[in-house]
Amino acid sequence: MPASVDLPSRTTVIERFKGQGGRIAAVLPIHYPRALFRAFGMLPIEVWGPPGVDKSTGDAHLQAYACSTVRAGLSFILSGAGEVADAILVPHTCDSLQALASVLLDFTKPHQMVLTLYVPKAERASDLEFLGKELRRVFGRLVELTGQRPTDAELHAAMDREQQADEVLARLLSERGKLGVGNREFYGVVRSREYLPAEEFASLARAALDKWAGAPLPKRTPILATGIMPEPMDVLDALDEAGLSIVADDFAGSGRRLYKASTAHDPFDRMAKTLLSGSPDPTRGCGIQPRIDHLVDLAKRTGARGALFYEIKFCEPEAFYVPLVTRGLQAAGVPCLAVEVDITDPMPDQLVTRIEAFAESLS
Amino acid sequence: MSIPGQLAYQLNVNVLGKAALRVQRWQLERKLSKPGTWKHETLNAPIDTAPWLKELITKHYLTGRYANGARKVAWVTSGAPVEFLKALDYFLIYPENHGAVCGIRKVGEEMCTHAEDFGYSRDICSYARCDIGSVLSGKTPVGRLPKPDLLLCCNNICQTVLYWYQVLAHHFGCPLIVIDTPFIYDEAREHDIASVKRQIEDAFPIAERVAERTIEPKRLEDVMLRSRDAVDLWLKVLQTGRNHPSPITAFDEFIHMAPIVEMRGESATVDYYSAMLSALEQRAKDGVGALKHEKKRILWDNLPIWYRIRPLGEKLAEHGVAMVASTYTNAWGELAELINADHPMDSMAKCYLHPILNRGTGHKLQTMQKMLTEYEADGVILHSDRSCKPYSIGQIDQRNAVSDKLGKPALLLEADHTDGRAYSVEQADTRISAFLELLGV
Ligand code: SF4
Ligand code: SF4
């Protein structure tokens with residue numbers, strides 16, 4: 001095994017960025033324009049949970065049937081840890097995040113500016129036009145917050161940087177099967193896209209690619225994994241131990257955010273086109289068949305021998321797709337395992353056992 | 001359209017069905033009007049128009065039974081802009097309403113189980129599970145649901161419907177129109193309204209193609225006018241609850257809301273609510289309340305617990321507590337002023353962007369506070385509906401605001417609108433009893 005990639009922690013990145021006079025935006029899942037924030041000298045730091053947080057603060061506002069991502073997210077924002085943020089962005093992803101944004105705006109009222117972004121649920125001309133205008137609205141709010149007004153050229157430059165980072169991420173994911181690295185370490189790098197500046201991520205990921213490309217390939221069974229995110233990350237250890245390697249990624253936080261480059265002249269049109277160009281995503285109400293086709297194709301291209309549906313309890317967008325999509329994959333010869341977790345709970349033993357049994361059935 | 005289909009439709013719906021239902025209604029009306037028939041201890045007799053309502057709903061589902069082959073059928077979400085479909089003579093099915101019927105007939109659990117057996121999670125909305133379960137098993141308490149030729153999904157109530165309708169589109173293989181309504185956290189922006197308007201306009205040719213006819217502007221205008229009249233009348237019906245004693249309870253409203261949800265734009269709905277309003281106004285004039293002895297008045301928030309309507313209503317009535325209004329039934333009336341048949345597209349866009357479920361948690365609290373004042377209510381029961389996240393998340397803060405700032409008792413009652421497995425009778429009874437104590441009854 002090669003020496004592990006040296007990843008800076010979120011705290012280090014935040015402190016360094018703030019030390020240089022930058023601002024931080026805490027961003028909830030899933031789709032949002034990173035470049036827009038960077039053009040204003042802000043670093044988006046994504047809040048996917050986080051799993052270790054004490055949920056009780058959030059529980060004072062949210063019922064137990066809100067998913068753990070949302071409950072942990074609210075707890076995090078309301079805790080001292082959230083204080084580093086100068087603004088909070090809640091993209092419109094699902095009913096639970098919609099409610100979270102609303103509770104923030106109407107009730108808990110944190111001192112930071114709370115921004116919302118309505119991400120359309122289809123990709124028609126009307127959706128693109130709407131999103132362009134919606135992004136202009138968010139731009140206006142950021143002007144209010146920072147007193148700056150980036151030019152079109154600055155916006156394009158920020159988008160170019162994000163595009164390059166996305167290209168490296170796409171390479172990481174598509175070459176995964178040839179990289180001599182375990183799931184845990186691999187996803188450490190993939191998920192650093194959630195908090196590293198694009199240029200830093202791109203160079204770190206390139207270095208990781210070089211390092212892992214030459215390393216011996218461990219003998220593992222290749223699988224496809226889907227869901228919102230591999231959290232808690234202990235699941236990746238469980239997969240490593242079971243001899244499974246995620247070679248096909250359809251997580252909302254990584255594989256579904258491999259946006260296609262756009263050459264639109266207007267920066268907001270370009271941003272809108274990019275944001276709506278990800279792969280079929282249940283949180284955006286994608287069709288069932290396009291998703292089946294996409295996953296079957298992904299499995300075939302990567303040689304995945306099975307598919308893991310790693311779902312978060314109470315996550316409706318994902319849950320609706322599981323029965324038909326797993327059947328579609330199974331019909332195409334890709335066996336599936338669907339499991340459900342609460343990201344704030346420790347990994348249940350029963351889940352580890354199911355993963356082991358799945359691995360055995362595939363080998 | 002097939003000729004045998006047309007014949008079966010005309011014979012069973014418009015000739016035999018119509019006659020049989022009219023006789024049934026007449027018999028029921030006679031029974032209820034006989035002095036001494038009604039013997040309930042705490043509740044007064046139902047509203048006079050109840051037999052007519054039964055006739056309307058039964059006719060609706062009977063029509064559905066024979067619709068395939070005779071008319072184009074669309075399945076639509078409850079908050080969808082249906083006027084253009086009505087103008088094209090589609091027969092409309094509201095799967096949510098069908099879910100409510102399953103709940104009332106206490107088969108919700110069974111329907112949900114069919115969906116769960118197929119792999120659908122128990123954590124998804126029970127309306128969706130009921131509907132998918134019914135589609136998969138072919139079972140329904142209403143005889144038979146017609147297959148859709150078109151699906152219309154508007155997410156101004158929740159995002160759940162987006163995923164649910166994708167499942168339906170996959171199953172039925174028919175076109176799906178999505179009207180994506182940006183969520184209104186504070187106020188609607190111009191681009192929100194413009195986007196919805198454009199989507200509705202873009203939906204017309206799809207609906208026309210499936211219907212094999214074109215929308216006549218005059219017909220659309222007529223449907224819109226009837227929609228507006230019905231919504232207007234419905235609001236007036238609800239507002240009779242401001243009388244002391246209230247001639248209607250929210251439990252009555254839950255039952256009587258079926259036409260405003262699934263028969264908007266029809267003249268029968270206008271006629272029905274017009275008659276209902278007269279009946280209620282008469283009751284108010286005569287000082288006849290829904291309860292025999294009204295002592296306290298409360299508000300309901302969120303969907304009903306369909307399978308517990310009667311026991312809950314009776315429990316409250318025993319203590320002289322009248323549930324005089326609900327934010328849920330109010331949602332179908334509060335937008336009356338936004339409907340303008342002179343500007344159909346603009347007004348449709350605005351109207352369908354503004355249902356309570358497409359607005360922030362603060363707006364819902366304001367609605368609750370306004371209704372508490374207007375209906376002179378003494379407290380609120382907030383149904384924390386496990387199935388309905390957009391309605392329910394935010395209720396903890398709303399409850400706190402009502403009790404802390406307004407000093408009114410507010411109960412958060414955990415349940416589910418259709419799936420009885422999420423309702424604990426003992427626990428709910430204890431909490432309701434404690435709430436009644438706070439109300440002082
Ligand atoms: S886990 Fe699912 S329900 Fe929760 S915030 Fe993410 S998309 Fe929404
Ligand atoms: S989630 Fe709520 S609004 Fe949506 S279909 Fe279910 S009950 Fe209706």
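Labels below follow one simple rule: chain letters A, B, ... track the order of the sequence lines, proteins then strands, and each chain is numbered from 1. Note that the structure is a prediction, hence the values are computed from the model and not measured.
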Side chain, backbone, both or neither of A:A125 within contact of chain B (heavy atoms, under 4.5 Å) | both
With a 4.5 angstrom heavy-atom cut-off, could you sort out which part of B:R198 is near chain A: side chain, backbone, both or neither?
-> side chain
What part of B:R189 is in contact with chain A, defined as an atom under 4.5 angstrom from a non-hydrogen atom: side chain, backbone, both or neither?
-> side chain
So what's closer than 4.5 Å to chain A heavy atoms on B:I157: side chain, backbone, both or neither?
-> neither
So, does A:E316 use its side chain to make a donor-acceptor pair with the main chain of B:C125 at under 3.5 Å?
-> yes
Which heavy-atom pair separates B:Y185 from A:A101 by the least distance, and what is that distance?
-> CE2-CB, 3.6 Å
Count the heavy atoms belonging to other residues, nucleotides or ligands that lie under 6.0 Å from CD of A:E144, then report whether that count exceeds 12.
-> yes
Where on A:T93 is there a heavy atom nearer than 4.5 Å to chain B: the side chain, the backbone, both, or neither?
-> backbone
Find the distance between CG (A:D95) and CZ (B:F183) and round it off to the nearest 0.5 Å.
-> 8.5 Å
Is the number of heavy atoms from other residues, nucleotides or ligands within 6.0 Å of NZ (B:K350) greater than 12?
-> no
Contact class of A:L128 relative to chain B, heavy atoms under 4.5 angstrom = neither
Of the backbone (N, CA, C, O) and the side chain (C-beta and beyond), which part of A:L62 lies under 4.5 Å from a heavy atom of chain B, both, or neither?
-> both
B:V167 to A:I288 - nearest heavy-atom pair and separation = CG2-CD1, 4.0 Å
Kindly check if the number of other-residue, nucleotide or ligand heavy atoms within 6.0 Å of CD (B:E201) is above 12?
-> yes
Short side-chain donor-acceptor distance under 3.5 Å, B:Q199 and A:S126 | no
Mind checking the CZ-NE2 spacing from A:R137 to B:H191? Nearest 0.5 Å is all I need.
-> 5.5 Å
In a check of side-chain contact (heavy atoms from CB on, under 4.5 Å) between A:D106 and each of B:L365, B:T361, B:D397, which one passes?
-> B:T361
Non-hydrogen atoms of chain B under 4.5 Å away: do they reach the side chain of A:E134, the backbone, both or neither?
-> both
Contact summary for A:G287 and B:Q166, nearest pair of heavy atoms | CA-OE1, 3.3 Å
Pick from A:C286, A:A319, A:S96: which one has the most heavy-atom pairs with chain B under 4.5 Å?
-> A:C286
Over all heavy atoms of both residues, which pair between B:S392 and A:Y65 is shortest? Give the atoms and the distance, please.
-> CB-OH, 3.1 Å
Tell me, side chain or backbone of A:F107 under 4.5 Å from chain B's heavy atoms, or both, or neither?
-> side chain
Engaged part of B:Q398 at the chain A interface, taking heavy atoms whose separation is under 4.5 Å | both
Option that, when pairs with chain A are counted at under 4.5 Å, heavy atom only, ranks first among B:C388, B:A401, B:S387, B:C158 | B:C158
Please flag which part of A:E129 lies under 4.5 Å from any non-hydrogen atom of chain B: side chain, backbone, both or neither.
-> side chain
Which residue out of A:R124, A:E340, A:Q289, A:R327 racks up the most heavy-atom pairs below 4.5 Å with chain B?
-> A:R327
Honestly, the part of B:H170 sitting under 4.5 Å from a heavy atom of chain A is side chain
Measure up the B:Y163 and A:F320 rings against each other and bin them: parallel (under 30°), tilted (30 to 60°), perpendicular (over 60°).
-> tilted
Any A:Q98 side-chain heavy atom under 4.5 Å of B:K389 side chain | no
Chain A interface, residue from B:S121, B:G362, B:P182, B:S195 that has the most non-hydrogen pairs under 4.5 Å = B:P182
Interchain contact, A:R136 with chain B, by part (heavy-atom threshold 4.5 Å) = neither
Check each atom of A:V322 against the heavy atoms of chain B and say whether the ones under 4.5 Å are side chain, backbone, both or neither.
-> neither
To the nearest 0.5 Å, how far apart are CD in A:E318 and CG in B:D123?
-> 13.5 Å
Which one, A:Q63, A:K133, A:H92, leads in non-hydrogen pairs under 4.5 Å with chain B?
-> A:Q63
Part of B:N358 lying under 4.5 Å from any heavy atom of chain A = neither
Atom NZ of A:K273: over 12 foreign heavy atoms under 6.0 Å | no
Look at B:D186, B:D202, B:T181 and state which one has the largest set of heavy-atom pairs under 4.5 Å with chain A.
-> B:T181
Rounded to the nearest 0.5 Å, what separation is found between the CG atom of A:L100 and the CD1 atom of B:I393?
-> 8.5 Å
Please state whether the side chain, the backbone, both or neither of A:P120 comes within less than 4.5 Å of a heavy atom of chain B.
-> both
Examine whether an atom of B:L176 lies under 4.5 Å from a heavy atom of chain A, and if so say whether it belongs to the side chain, the backbone or both; otherwise answer neither.
-> neither
Under a 4.5 Å heavy-atom cutoff, which of A:L324, A:T326, A:V103 has the most pairs with chain B?
-> A:L324
